[in-house]
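Structure first, then comments.
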Amino acid sequence: MLTGRQIGFVGGGNMAEALLAGLLRKGLTGPERLTVSDPLVSRRELLGRNFGVAVTDDNQAAVRGAEIVVLCVEPQVLDDVLAELGPSLESHPLVISVAAGYPLSRIQDRLVGTTRLVRTMPNTPSAIGVGVTAMSLAAGLSAADRQAAEQLFESVGTVVVVEERLMDAVTGLSGSGPAYVFAMIEALADGGVLSGLPRGTAQQLAAHTVAGAARMVLEQGEHPAVLKDRVASPGGTTIVGLSRLEQGRLRATLMSAVEAATQRSQELGKAENHHL
């Protein structure tokens with residue numbers, strides 16, 4: 001779906017870099033079909049040097065003639081960017097936004113006549129090709145446009161489609177979730193150090209343990225509780241450790257963290273709209 005199509009990226013930050021790397025690594029397109037705009041000379045030089053793509057400081061130039069436009073800018077500047085881009089989108093390309101908390105309706109209000117819209121929430125592991133992206137589709141989006149958007153983000157991981165009203169919950173779970181897992185890995189490693197392991201060994205064991213457990217959930221398709229029970233033999237070490245986790249309310253705390261981040265995402269979205 002992407003082969004031969006011109007793609008313009010507005011904003012050359014970390015997510016744009018991850019997508020460029022994924023597209024080229026998987027051979028979904030060539031650098032001659034990619035253009036990126038960014039105000040920073042350093043970013044333009046890095047992206048041009050590393051990927052061989054066309055770079056510019058002119059947002060309109062980046063999207064002119066593009067069949068797919070990817071908005072990789074912060075939500076607080078997207079109003080101004082959309083106002084600038086409007087005259088250059090007369091061909092009505094597929095427009096994909098990665099701006100957190102910025103609803104599809106708001107893009108439609110600023111790009112009058114644009115209906116081919118997708119809103120996404122990728123997460124930071126996309127930088128190494130193992131991210132997960134939640135995607136919401138504008139009403140009436142064609143199957144071809146959906147497939148193109150999915151293929152674009154599948155270049156950096158897994159894609160799930162959700163209703164737009166659930167995007168704040170996505171932010172609280174998969175958007176913020178890597179930070180929760182990093183904190184868990186750090187704590188597990190600290191526990192290993194407390195028990196006598198060298199720091200480097202403890203961190204490696206902790207990280208591989210988390211990665212392996214997650215892979216089992218994904219590949220075996222069983223409920224995490226079933227997999228947990230298989231490790232916890234009667235009167236053994238694991239059940240004692242699990243008991244201590246229950247005493248510390250680990251599960252309740254993680255649930256509360258997702259809920260709090262979801263609520264904060266909702267608050268930030270309302271604050272953005274309040275300033276329109």
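What you see below is based on every heavy atom in this structure, not just the backbone, and it leaves out hydrogens, waters and symmetry mates. Numbering of residues begins at 1 and proceeds along the displayed sequence. Note that this is a predicted model, so its numbers are computed, not measured.
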Identify each donor-acceptor pair in which a side-chain atom of residues 80-95 lies under 3.5 Å from a protein atom, sequence neighbours left out, and give them as a table.
residue: Glu84; atom: OE1; partner: Asn59; partner atom: ND2; Å: 3.1

Is there a path of hydrophobic side-chain contacts, each under 4.5 Å between heavy atoms of I/L/V/M/F/W/Y residues, joining [Y] to [X]?
X: Met15; Y: Leu40; value: no
X: Val98; Y: Leu28; value: yes
X: Leu254; Y: Ile185; value: no
X: Met167; Y: Leu117; value: no
X: Val170; Y: Tyr180; value: no

Less than 4.5 Å apart, any side-chain heavy atom of [X] and any of [Y]?
X: Thr3; Y: Thr29; value: no
X: Thr133; Y: Val160; value: no
X: Leu2; Y: Ile68; value: yes
X: Ser37; Y: Phe9; value: no
X: Leu188; Y: Val210; value: yes
X: Ile7; Y: Val70; value: yes
X: Asp57; Y: Pro39; value: no
X: Ile239; Y: Pro234; value: no

- [ ] Might you work through the side-chain contact (heavy atoms from CB on, under 4.5 Å) test for Val161 and Leu137, ending with a clear yes or no?
- [x] CA-CA 8 Å; Val161 176; Leu137 315 174; 4.2 Å; yes
Task: Contacts of Arg264 that satisfy salt bridge (Lys or Arg N to Asp or Glu O under 4.0 Å) - sequence neighbours left out - done: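 Arg264 satisfies salt bridge (Lys or Arg N to Asp or Glu O under 4.0 Å) with Glu267 only.
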- [ ] Go through the structure and list residues passing salt bridge (Lys or Arg N to Asp or Glu O under 4.0 Å) with Glu163, not counting sequence neighbours.
- [x]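 Glu163 satisfies salt bridge (Lys or Arg N to Asp or Glu O under 4.0 Å) with Arg165 once adjacent residues are dropped.
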Indicate the atoms forming the closest heavy-atom contact of [X] with [Y], along with that distance.
X: Val156; Y: Ala18; result: CG1-O, 3.3 Å
X: Val36; Y: Gly12; result: CG1-CA, 3.8 Å
X: Thr115; Y: Ala138; result: O-CB, 3.6 Å
X: Ser136; Y: Val162; result: OG-O, 3.0 Å
X: Phe51; Y: Pro31; result: O-CB, 3.4 Å
X: Gly172; Y: Ala261; result: CA-CB, 3.6 Å

Short side-chain to backbone donor-acceptor contact, [X] and [Y], under 3.5 Å:
X: Thr120; Y: Pro122; answer: no
X: Ser142; Y: Asp145; answer: yes
X: Thr201; Y: Leu197; answer: no
X: Ser176; Y: Leu173; answer: no
X: Glu154; Y: Val159; answer: no

Open item on the list: Working note: Arg119 + Met135, criterion side-chain contact (heavy atoms from CB on, under 4.5 Å); need CA distance, chi angles, decisive distance, verdict.
Closed with: CA-CA 6 Å; Arg119 175 181 170 186; Met135 183 177 293; over 6 Å; no
Open item on the list: Does atom CZ (Arg25) have a neighbourhood of more than 12 heavy atoms from anything else shown, all under 6.0 Å?
Closed with: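 For Arg25, atom CZ is crowded (more than 12 foreign heavy atoms under 6.0 Å).
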TODO: Count the heavy atoms of every other residue, nucleotide or ligand shown that sit under 6.0 Å from CD of Gln203, and state whether that count exceeds 12.
DONE: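 No, CD of Gln203 has 12 or fewer neighbouring heavy atoms, counting only those of other groups under 6.0 Å.
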TODO: For the pair Arg106 and Arg110, evaluate side-chain contact (heavy atoms from CB on, under 4.5 Å) and give the outcome as yes or no after the intermediate values.
DONE: CA-CA 7 Å; Arg106 194 165 162 187; Arg110 282 154 182 77; 3.4 Å; yes
Applying side chain to side chain donor-acceptor pair (under 3.5 Å), name anything that partners [X], two or more places apart in sequence or on another chain.
X: Glu17; result: Arg43
X: Arg44; result: none
X: Asn123; result: none
X: Gln108; result: none

Gap between atom [atom2] of [Y] and atom [atom1] of [X] - 0.5 Å precision:
X: Thr56; Y: Asp38; atom1: OG1; atom2: CG; answer: 10.0 Å
X: Glu74; Y: Tyr102; atom1: CD; atom2: OH; answer: 13.0 Å
X: Gln151; Y: Leu23; atom1: CD; atom2: CG; answer: 8.5 Å
X: Leu141; Y: Gln147; atom1: CG; atom2: CD; answer: 10.5 Å
X: Ser265; Y: Asp168; atom1: OG; atom2: CG; answer: 3.5 Å

Going by salt bridge (charged side-chain N to carboxylate O under 4.0 Å, His left out), name the pairs with one or both residues in [range], residues two or more places apart or in two chains.
range: residues 175-197; result: Asp190-Arg199
range: residues 235-246; result: Glu246-Arg251
range: residues 207-232; result: Arg215-Glu219, Glu222-Arg230

TODO: For Ala100, check side chain to side chain contact (heavy atoms under 4.5 Å, CB included) against everything at least two apart and list the hits.
DONE: Met121
Open item on the list: Checking Met216 now: which residues fulfil side chain to side chain contact (heavy atoms under 4.5 Å, CB included) with it, not counting sequence neighbours?
Closed with: Gln220, Leu227
Task: Under-4.0 Å salt bridge between Asp58 and Arg64 - done: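 No, this pair does not count.
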Task: Test applied, side chain to side chain contact (heavy atoms under 4.5 Å, CB included); reference residue, Val69; option that passes from Val63, Ile96, Leu111, Thr114 - done: Val63
Open item on the list: Among Leu47, Val53, Val55, Leu19, exactly one meets side chain to side chain contact (heavy atoms under 4.5 Å, CB included) together with Leu34. Which residue is that?
Closed with: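 Exactly one option meets the side chain to side chain contact (heavy atoms under 4.5 Å, CB included) with Leu34, and it is Val53.
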Open item on the list: Pair Thr35, Gln6 - check side-chain contact (heavy atoms from CB on, under 4.5 Å), show working.
Closed with: CA-CA 8 Å; Thr35 304; Gln6 191 71 28; 3.5 Å; yes
